[in-house]
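What follows is a short report on a single structure.
Every value quoted in this text rests on a predicted model; they were computed, and no experiment measured them.
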Amino acid sequence: MSDTDIQVVSSSWAGIQRVATIPKPPEFFEGRKGYEPGFFGDDNRVELPSMGDAIDRDDIATLDDGSVELKYQHFSTVQCISRRVPLYSACNIDGSKSKNVPRHDTWNYDGRIRKEYQMLREAYGPGQEQKFSRGHMTRRQDPNWGSLATAQRANIDTFFATNACPQWQPFNDGLWGDLEDYILGNAQGDDKRISVFTGPILRSDDPERFGIRIPRDFWKVVAFISEATGELSAIAYLMSQGTYLDSGVARDLEDFGTSQRPLAFVEAETGLRFESLAGRDVLDGADLAFVQPIRRFSDTKLPA
């Protein structure tokens, strides 16, 4: 790929942001196994969520073989056609094998699905223009584990349009990472592992900016083997950027309304079904309206 195939689209806190104009071809992804349901062993398999009746299957991008899972290094995504963002991402994280690799700031289109189903411009750009950051659904650091070469490959894989949603930058820098790190610290034994599912709640009344409907709310579901109980457990979170979208101003973390919610709430709002985690939610049985505000990651309710 030559320099003429890459365009500088913005500068940000992370440095120069570039977008490759030519999608990566399908052969680029050879050997990518994606999200592994058996990450916690055969007795604690956590499958990808299924799609309920509320999700229009025709609005989900498919690969040539008819499948919908876009497999990357240690994570997978499923792409919504009409909104041009991921329906969700799913990532395995092995904290004991984590590698620190340099940030990769060239964003790409995934050539396994049509380019027009993906977005890397329109709503994205400088904050002074009231545009949004390309918010990773699977965090850049999360899949960066294993050998150095594997971690570097995973780092590059997180910079695809199929792993990004419009997020206001301070929101993008918020509690998500601290929450994941906190749960990693409460995962069983020295083999610190979690599986993380993340995505937007895509509503028909989401506000439009720059011709793009911007999600107000984002969810995260974390699965892990509890250090306290030795059992497979799940925790669900919601974070909102609605205050910023409504007013153009959000000054601190409380403006983003981060909270722990029942997993059933996430299922009801997204149309996804986490059958493998049935009965595993820390808030299992709680009313759908239950809200545990999160002002610091230690506010999280963990397995007793």
Side-chain angles (χ1 to χ4, degrees), residues 29 31-63 65-80 85-95 110 112-113 137-139 142-143 145-146 154 157-158 160 162-163 179-180 183-184 187-188 191-202 218-226 229-238 261-285 303:
F29 304 97
R32 306 297 205 274
K33 294 182 179 180
Y35 171 83
E36 292 283 355
F39 193 55
F40 302 123
D42 290 340
D43 293 336
N44 291 297
R45 290 179 63 84
V46 180
E47 306 290 342
L48 292 175
S50 61
M51 292 182 282
D53 293 340
I55 296 176
D56 181 1
R57 306 309 199 279
D58 292 334
D59 196 28
I60 303 301
T62 57
L63 285 71
D65 63 2
S67 64
V68 299
E69 180 186 356
L70 292 160
K71 296 182 179 181
Y72 301 98
Q73 188 68 51
H74 297 149
F75 73 100
S76 298
T77 69
V78 173
Q79 185 78 352
C80 175
V85 297
L87 184 67
Y88 69 86
S89 72
C91 182
N92 305 122
I93 305 173
D94 189 334
D110 189 323
R112 293 174 294 182
I113 61 174
M137 293 294 93
T138 284
R139 279 200 308 166
D142 283 354
W145 55 270
D157 282 1
T158 65
F160 276 88
T162 47
N163 187 44
L179 291 168
E180 290 179 16
I183 295 172
L184 267 173
Q188 189 177 54
D191 186 17
K192 301 295 187 183
R193 291 185 169 204
I194 61 176
S195 289
V196 180
F197 304 85
T198 308
I201 296 179
L202 302 176
F218 293 83
W219 57 270
K220 187 182 292 289
V221 173
V222 185
F224 62 108
I225 305 298
S226 168
T229 67
E231 300 291 332
L232 178 65
S233 301
I235 294 178
Y237 297 102
L238 186 75
R261 306 298 295 267
L263 176 56
F265 171 85
V266 172
E267 292 181 318
E269 290 292 313
T270 63
L272 297 170
R273 298 289 178 266
F274 290 85
E275 287 98 342
S276 299
L277 296 175
R280 304 289 188 170
D281 179 19
V282 172
L283 298 181
D284 189 49

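The heavy-atom pair separating L238 from R261 by the smallest distance is CD2-NH1, 3.7 Å.
Atom SG of C80 sits about 9.0 Å away from atom CG of D56, to the nearest 0.5 Å. Summarising the geometry, atom CD belonging to Q79 is positioned 10.0 Å from atom CG belonging to D59; distances are rounded to the nearest 0.5 Å. Atoms CG and CG, from L70 and D110 in turn, are 5.0 Å apart once rounded to the nearest 0.5 Å.
Annotation: side chain of P143 is in contact with side chain of T138 (closest heavy-atom distance under 4.5 Å). Between Y35 and F197 the shortest side-chain heavy-atom distance falls below 4.5 Å. Taking the side chain as every heavy atom from C-beta outward, F40 and V46 approach each other to under 4.5 Å. Side-chain atoms of M137 and F218, non-hydrogen and from C-beta on, do get closer than 4.5 Å to each other. Considering only heavy atoms from C-beta on, L87 comes within 4.5 Å of L272 through its side chain. By the 4.5 Å heavy-atom criterion applied to side chains, W145 and H74 are counted as neighbours. Side-chain contact between P86 and T162 is absent, with no heavy atoms from C-beta onward closer than 4.5 Å. For the pair N92 and S195, the minimum side-chain heavy-atom distance is below 4.5 Å.
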| message | Quick one, F75 with N163, criterion side-chain contact (heavy atoms from CB on, under 4.5 Å). Give me CA distance, side-chain angles, the key distance, then yes/no. | response | CA-CA 10 Å; F75 73 100; N163 187 44; 4.1 Å; yes
| request: Report the C-alpha distance between F39 and R193 in whole Å, list the side-chain angles of each, state the deciding distance to 0.1 Å, and finish with yes or no for side-chain contact (heavy atoms from CB on, under 4.5 Å). | output: CA-CA 8 Å; F39 193 55; R193 291 185 169 204; 3.4 Å; yes
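In this structure, the side chain of R45 does not engage the main chain of D43 through any donor-acceptor pair within 3.5 Å. Between the R280 side chain and the A223 main chain, no donor and acceptor come within less than 3.5 Å of each other. The main-chain N or O of S226 is never found under 3.5 Å from a side-chain atom of E231 such that the two would form a donor-acceptor pair. Panel note: side chain R112, backbone K71; a donor-acceptor pair is recorded below 3.5 Å. The closest donor-acceptor contact from the side chain of D142 to the backbone of I93 lies at 3.5 Å or more, if one exists at all. For S67 (side chain) and L63 (main-chain N/O), no donor-acceptor pair under 3.5 Å exists by modelled atom type.
Judged by distance alone, the side chains of T198 and K220 do bring a donor and an acceptor atom under 3.5 Å apart. Looking at S276 and E47, their side chains never bring a donor and an acceptor atom within 3.5 Å of each other.
Partners of F160 according to the ring-ring contact (aromatic ring centres under 6.0 Å, His included) rule, which considers only residues two or more places apart in sequence or in another chain, are F29, Y72.
For the side chain to side chain contact (heavy atoms under 4.5 Å, CB included) criterion with Y88, the lone passing option out of V78, T77, V221 is V78.
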